[in-house]
Amino acid sequence: MSYTFTVLTPTYNRSHTLANVYNCLVKQTLQEFEWLIVDDGSSDNTESLVKSWLETAPFLIRYFKKINGGKHTALNLGIEEAEGDFTVILDSDDVIKDDCLERLLHHWLSIPEESREGFAGVTGLCVDQHNQ
C-alpha cells in the first residue's frame, strides 16, 4: 500500500520520549501516513511500548528492530522500507504541530506540477520543548 507520508523515527533507548511522538501523530489532521519505527538495538522497553500501540493507533505502525549500528544505519533501513510518497524524519524526542503533515502536503501541492521535478521536497522545523 502507498501512503502520502512515511514518518520515520529512528530510536535507541528512548521509550521515555517515544510516547510524545506517538501522541503528536495521533493528533495529526492528515492521517494518510505510516509510522515506521526503526529500533537500533534498544535495551529498554521500546519494543513493548510500540507493540502496545499497534492495535489502537489510527494509522499503520511498522516496527523494525535491528542490531545497534548507529542512527545512520537505522535511517538507511527506514528509507529502504518506507512506502510513503514522502518521508518525514521525526526523531524519537521530536514533536510536531497537529497540522504539520497537512501543511507539508499543502505547500507541496502549491508548487505547479510542471515545476515539482526541480524540488527535492518541502521541509519545516519541529516544535521545541516550549511548544514553539
Between the side chain of Arg62 and the main-chain N/O of Glu81, is any donor-acceptor distance below 3.5 Å?
-> yes
Is there a donor-acceptor pair closer than 3.5 Å between any side-chain N or O of Gln31 and the backbone N or O of Leu25?
-> yes
Out of curiosity, does Tyr63 fall in the hydrophobic cluster containing Val88 (side-chain heavy atoms, cut-off under 4.5 Å, transitive links)?
-> yes
Okay, side chain of Glu34, backbone of Glu83: is any donor-acceptor separation there less than 3.5 Å?
-> yes
Looking only at heavy atoms, the pair that brings Ala19 and Leu49 closest together is N-CD2, 4.5 Å
Do Val38 and Ile67 share a hydrophobic cluster (ILVMFWY, side-chain heavy atoms under 4.5 Å, transitive)?
-> no
Nearest heavy atoms of Pro10 and Ile89, plus distance in Å = CD-CG2, 4.4 Å
When rounded to the nearest 0.5 angstrom, what distance separates CD1 in Ile61 from OG1 in Thr56?
-> 7.0 Å
Between Asp93 and Val21, what is the shortest heavy-atom contact and its length?
-> N-CG2, 4.3 Å
Distance-minimising heavy-atom pair for Val95 and Cys24 = CG1-CB, 3.7 Å
Looking at Thr46 and Arg14, what are the two nearest heavy atoms and their distance?
-> OG1-N, 4.0 Å
Here the gap from Asp91 atom CG to Lys71 atom NZ, rounded to the nearest 0.5 Å, amounts to 3.5 Å
Would you kindly confirm whether Phe64 and Tyr12 end up in one hydrophobic cluster when ILVMFWY residues are joined by side chain heavy atoms under 4.5 Å apart?
-> no
Beyond-backbone contact of Trp108 with His106, side-chain heavy atoms, under 4.5 angstrom | no
Under 4.0 Å between a Lys/Arg side-chain N and an Asp/Glu carboxylate O for Lys66 and Asp39?
-> no
Are the side chains of Leu75 and Leu8 in touch, meaning some heavy atoms are under 4.5 Å apart?
-> yes
Side-chain heavy-atom pair Leu36, Tyr3 within 4.5 angstrom cut-off = no
Verify, without hydrogens or angle tests, whether Ser92 (side chain) and Leu18 (backbone) share a donor-acceptor contact under 3.5 angstrom.
-> no
Taking side-chain contact (heavy atoms from CB on, under 4.5 Å) as the test, write out the residues that go with Glu32, two or more places apart.
-> Thr4, Leu30
Quick check: are there more than 12 heavy atoms from other residues, nucleotides or ligands sitting under 6.0 Å from NZ of Lys51?
-> no
On a heavy-atom basis, the closest approach of Ser42 and Asn13 is OG-N, 2.7 Å
Between atom CH2 of Trp35 and atom CG of Leu54, what is the distance when rounded to the nearest 0.5 Å?
-> 10.0 Å
Quick one: pull up CG in Leu101 and OG1 in Thr29 and give me the separation to the nearest 0.5 Å.
-> 7.5 Å
Backbone N or O of Asp98 within a donor-acceptor pair of the Arg103 side chain at under 3.5 Å?
-> no
Would a line drawn from the ring center of Phe5 to the ring center of Phe86 be shorter than 6.0 Å?
-> yes
To the nearest 0.5 Å, tell me how far Cys100 SG sits from Leu90 CG.
-> 8.0 Å
Find the distance between CG (Asp40) and OG1 (Thr73) and round it off to the nearest 0.5 Å.
-> 4.5 Å
